[in-house]
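Working notes, beginning with the structure itself.
Proteins get letters first, then strands, A, B, ... in listed order; numbering begins at 1 in each. Given the structure is predicted, the values throughout are model-derived calculations rather than measurements.
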There are 2 protein chains.
Amino acid sequence: MAKSTRDALLDAAEQLLDAGDTDAVTLREVGRLAGLSHNAPYKHFASKEVLLAAVAARELRRRRDELAAALERDEQPEEALRGALARYAEWAIAFPARFKLIYGRWTIAVPSELADAAHAASQQLIATVAAVQERGGLPAGDPERLTALLRATAHGAADLTLAGHLSPDGKGRADATGLVNDLLSHLAANQPGRQQP
Amino acid sequence: MAKSTRDALLDAAEQLLDAGDTDAVTLREVGRLAGLSHNAPYKHFASKEVLLAAVAARELRRRRDELAAALERDEQPEEALRGALARYAEWAIAFPARFKLIYGRWTIAVPSELADAAHAASQQLIATVAAVQERGGLPAGDPERLTALLRATAHGAADLTLAGHLSPDGKGRADATGLVNDLLSHLAANQPGRQQP
DNA sequence: ACCTGAACACCGTTCAAGT
DNA sequence: ACCTGAACACCGTTCAAGT
């Protein structure tokens, strides 16, 4: 059960990341928090960026597993989809540094660990969207493309919220979750046999 | 007509920013590119972040003016809106470092220069959305909120493209502009008197 | 008013040893 | 196999002068 040194270093890096941004993650402080010397990280990671990529990959794996559990939990795909998108935005707003790290630019080759976890999460969401389409809750069409639209909206709403360009206090709670719900309502209303009130 | 030293420093910073990210903007190189010493920037900007904020504010002013000109140029508000959103995404993808700088986190108080230019651009877009709503090209409702939805989608689609999470080569050109057009089509179809083909 | 040059603390990274 | 400590180049920032 003893935590490996590698995990201790990842924990330290994550803690510093959450307290600031990638600049706040100094290898010296990572080593210190793990009770080691200033360059112990180099015995486990080739560079600072490789360490950050491991932090990002671990977080992405957590989120993929959490998404899978939530999708299994919800019986109605409509609610499962709405919940997944809302949790995505809430996570981004709660952990902005992790969000910006994962979707930031890498000067090293993007580790396949990262790409694979992202792809797996994507596939889960696409399957849910397809299920809602079959039940008539979303317009027909390529589910991958419709999923991309939904993700883009949740992603952009979260990022604009972090930048202070969305007024959560303003009229009609136009926060990130509200915008995602607006989109889902517009799409649901746009169905044969359904009409806007 | 001689360019001020201040402008030369801003140009140098922008050039370094476009070639990399904010880390690539070193005050020493900014000074060198402007033909000055390594700490000449401190005679014009209190810190590196204040310099970057000035770069961001200048870019945001340019974009606000460009948006105003484009909105004046187009006669149909539908096309003006579609063009404005497409140009937003294209700009983000062409100048990722400027995009990430403007919507990134500031540890200094966000300069009012920045907030004002962003607000002005926002108001222009809201007016266009309202015009399209009046012509029946978009669902009724708070135009500010509907504009936020459109912006969030364009913003998120661009950011996901930069992260490599959108496949522009895949089926049905699901690139950033394609997703924005999808959203506009879904919203336009969701109107009384209009039906999906 | 604007600029230079030396100096300081900090950081990523490398290297030679240590066990 | 994993870790330490010294060392190097680089960076943001400060300060004492210079014109």
Side-chain angles (χ1 to χ4, degrees), chain A residues 1-58 97-98 100-101 104-111, chain B residues 1-58 97-98 100-101 104-111:
Chain A
M1 283 304 298
K3 192 169 294 188
S4 72
T5 300
R6 186 190 146 94
D7 282 335
L9 292 169
L10 287 177
D11 289 344
E14 187 177 81
Q15 179 181 331
L16 291 168
L17 182 69
D18 285 339
D21 57 1
T22 56
D23 284 344
V25 182
T26 70
L27 293 180
R28 292 167 135 86
E29 187 68 6
V30 166
R32 207 188 61 78
L33 282 176
L36 298 168
S37 78
H38 70 275
N39 73 20
Y42 282 98
K43 306 305 155 184
H44 299 265
F45 305 96
S47 69
K48 174 175 175 177
E49 201 174 8
V50 169
L51 167 63
L52 288 174
V55 170
R58 189 174 70 161
R98 300 184 195 181
K100 297 219 175 252
L101 172 67
R105 317 223 76 186
W106 302 92
T107 74
I108 58 177
V110 170
Chain B
M1 281 308 296
K3 192 171 294 187
S4 72
T5 300
R6 186 191 146 93
D7 282 335
L9 292 168
L10 287 178
D11 289 345
E14 186 176 80
Q15 179 182 332
L16 291 168
L17 182 69
D18 285 339
D21 58 1
T22 57
D23 284 344
V25 181
T26 69
L27 293 180
R28 291 168 135 86
E29 188 67 7
V30 166
R32 207 189 61 77
L33 282 176
L36 298 168
S37 77
H38 69 277
N39 74 18
Y42 282 99
K43 307 303 155 185
H44 298 265
F45 305 96
S47 69
K48 174 174 174 175
E49 201 174 8
V50 169
L51 167 63
L52 288 174
V55 170
R58 188 175 71 161
R98 301 184 196 181
K100 297 218 176 255
L101 172 67
R105 317 221 79 186
W106 301 93
T107 74
I108 57 176
V110 170

Do side-chain atoms of [X] reach the backbone of [Y] as a donor and acceptor pair under 3.5 angstrom?
X      : Y      : result
A:D7   : A:L10  : no
B:K100 : B:T22  : no
A:E49  : A:T107 : yes
B:D11  : B:E14  : no

- Query: How far does OG of A:S37 sit from CZ of A:R28, to the nearest 0.5 angstrom?
  - Reply: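 Here the interatomic distance stands at 10.0 Å.
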- Inter-residue atom distance B:D18.CG - B:R98.CZ, 0.5 Å rounding: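 CZ of B:R98 is found 4.0 Å from CG of B:D18.
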- Task: Would you mind classifying the nucleic acid contact of A:H38 as base, sugar-phosphate or nothing, using non-hydrogen atoms under 4.0 angstrom?
- Result: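 Counting heavy atoms under 4.0 Å across all strands, the contact made by A:H38 includes a base.
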- Query: Is A:V25 touching bases, backbone alone, or none of the nucleic acid, heavy atoms closer than 4.0 Å?
  - Reply: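 Here A:V25 touches the backbone only, sparing every base.
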- Task: Take A:L33 and A:Q15, measure what side chain to side chain contact (heavy atoms under 4.5 Å, CB included) needs, and give me the verdict at the end.
- Result: CA-CA 9 Å; A:L33 282 176; A:Q15 179 181 331; 4.1 Å; yes
- Item | DNA chain D: 5'-proximal contact among A:K43 and A:R28 (nearest heavy atom) |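 Per heavy-atom nearest nucleotide, the more 5' residue is A:K43.
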- Message: Reading DNA chain C from 5' to 3', where do the contacts with chain B start and stop? Cut-off is 4.0 Å to heavy atoms.
- Response: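 Endpoints of the contacted stretch of DNA chain C: C:dC3 to C:dA7.
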- Criterion side chain to side chain contact (heavy atoms under 4.5 Å, CB included) on A:L27 and A:F45, from CA distance to verdict: CA-CA 10 Å; A:L27 293 180; A:F45 305 96; over 6 Å; no
- Where DNA chain D forms stems, i.e. three or more consecutive Watson-Crick or G-U pairs with both distances under 3.5 Å: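 The stems are C:4-8 with D:12-16, C:12-16 with D:4-8.
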